[in-house]
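A, B, ... follow the sequence lines: proteins, then strands. Residue 1 opens every chain. The analysis underlying the following values was restricted to heavy atoms, covering all of them including side chains, and did not include hydrogens, waters or symmetry mates. Predicted, not measured: the structure shown is a model, and the values here were computed from it.
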Protein chains: 2
Amino acid sequence: MNIGAASKASGVSAKMIRYYESIGLLAKAARRENSYRDFDERDIHDLRFIKRARTLGFSVEEITRLLGLWRDAQRPSREVKQITGAHIADLETRIAEMQGMVAALKHLSAHCHGDDRPACPILQDLGGPEISSASPQDKRKRAAGLREAAL
Amino acid sequence: MNIGAASKASGVSAKMIRYYESIGLLAKAARRENSYRDFDERDIHDLRFIKRARTLGFSVEEITRLLGLWRDAQRPSREVKQITGAHIADLETRIAEMQGMVAALKHLSAHCHGDDRPACPILQDLGGPEISSASPQDKRKRAAGLREAAL
DNA sequence: AGTGAGGCTTCCCACGGTGGTAAGGTCAAT
DNA sequence: ATTGACCTTACCACCGTGGGAAGCCTCACT
């Protein structure tokens, strides 16, 4: 199976397949005499796994662990659940942050005429003196995950 | 005002102040004889403006426009409201996507024992055959905005 | 007057993921 | 034998942020 075929079969772009291989997320594909990569069913499975996990917002780092667990038939489901739980919490934190932004923005926007007049509470707020930001944005380490996947 | 003082006064790291200057978001700061940057009140205002706007998830590109509007006393508030509205819509799309992920993950997690047994519906789902993903992730251009701000 | 600490300066590197593109090899079919 | 569709590697870009090196500058203290 060529990389193009693997790409179609998995929904992962050829570009990303090579990338995943390069960072060790995906096992190094076999090579034909032409030096073309040759993917088997196992690779396709892994690619689909990765694709699906990315769709669910897991970071590549998390997927590495999940794939490792997948391959270990003996793994305790505890670990999988733990990773998933942490990811859910992460997503929820980010959702809450964004909801805070939306609320603040909607509030400002509601008081902005949005016509030819220059008066605008949105800019007033942005430019104004110390403003009590909704939450001071904790900067805990957080996988890039979805953010880029959504680009 | 040195860059350190400006950083403290605005809450923007010295690193980012230089970066914002380099990309033209912030006007080039005056220099002293030592070649040290010298910030005035106007710069501090702009930095606070940027800081606040980043907190609200605006991308640097959007902030460039907003700052331009701020400086134009004659600007029609329409434009500001329009930018803000687009940003709100963007945020809401991303929130919805993440909420979809959370829902799917919670569903899977609920059916995973999370103990020593290896059986795990989460991995089953990830590794399983074609799954009907919540939404096929539209990839419309979207400013990086929050994603990185939240790191 | 010298020394050390802590500014400041520029410059490059890394991250996460993804896309682009150029320069070359290969294949299959006309 | 040529064309066009594929493959290969290798590099660059994005966004926003942090890290660090190497070299000045300044100030306070000895």
Using only side-chain N and O atoms of B:Ser59, determine if any of them is under 4.0 Å from OP1 or OP2 of D:dC15. no
The side chain of A:Lys15 lies closest to which of these nucleotides: C:dT21, D:dG16, D:dG20? C:dT21
So which nucleotide from D:dG16, D:dT17, D:dT8 ends up closest to the side chain of B:Tyr20? D:dT17
Measure from CG on B:Asp38 to P on D:dC25 and round the result to the nearest Å. 17 Å
Check whether any side-chain N or O of B:Ser35 sits under 4.0 Å from OP1 or OP2 of D:dC24, and answer yes or no. no
Take the protein atom CE of B:Met1 and the nucleotide atom P of C:dC8, then report the distance between them rounded to whole Å. 11 Å
Main chain of B:Lys51, side chain of B:Thr55: is a donor-acceptor contact present, judged purely on distance under 3.5 Å? yes
Distance in angstrom units between A:Arg54 CZ and C:dG19 C1', rounded: 14 Å
Side chain of B:Asn34 - closest among D:dC25, C:dG19, C:dC8: D:dC25
When you measure from the side chain of B:Arg37, which nucleotide among D:dG16, C:dG17, C:dT9 comes out closest? C:dT9
Heavy atoms from C-beta onward define the side chain here; which of C:dG17, D:dG18, D:dC25 lies closest to that of B:Tyr36? D:dC25
A:His87 side chain to A:Glu62 backbone, donor-acceptor under 3.5 Å: no
Parallel, tilted or perpendicular: ring planes of B:His45 versus B:Phe49, cut at 30 and 60 degrees: tilted
Go nucleotide by nucleotide along DNA chain C from the 5' end; which of B:Lys8 and B:Glu21 gets its closest nucleotide reached first? B:Lys8
Identify which nucleotide among C:dG7, D:dG20, D:dG16 has an atom closest to any side-chain atom of B:Tyr19, counting heavy atoms from C-beta outward. D:dG16
What is the separation between atom CD1 on B:Ile23 and atom P on D:dT17, rounded to the nearest whole Å? 9 Å
Tell me the interatomic distance from A:Ile50, atom CD1, to C:dG16, atom P, rounded to whole angstroms. 15 Å
Starting from P on D:dG16, measure out to CG on B:Leu47 and report it in whole angstrom. 16 Å
Proximity to the side chain of A:Met16 - top-ranked nucleotide from C:dT10, C:dG17, D:dC6: C:dG17
Integer-rounded Å distance: C:dT10 P and B:Arg18 CZ: 7 Å
A:Arg42 and A:Asp40 ion-paired at < 4.0 Å: no
Give me the atom names and distance for the closest heavy-atom approach of A:Ser13 to A:Ser7. CA-OG, 3.7 Å
For B:Leu26 and D:dG16, what is the distance between atoms CG and P respectively, to the nearest whole Å? 15 Å
Would you mind classifying the nucleic acid contact of A:Arg32 as base, sugar-phosphate or nothing, using non-hydrogen atoms under 4.0 angstrom? nothing
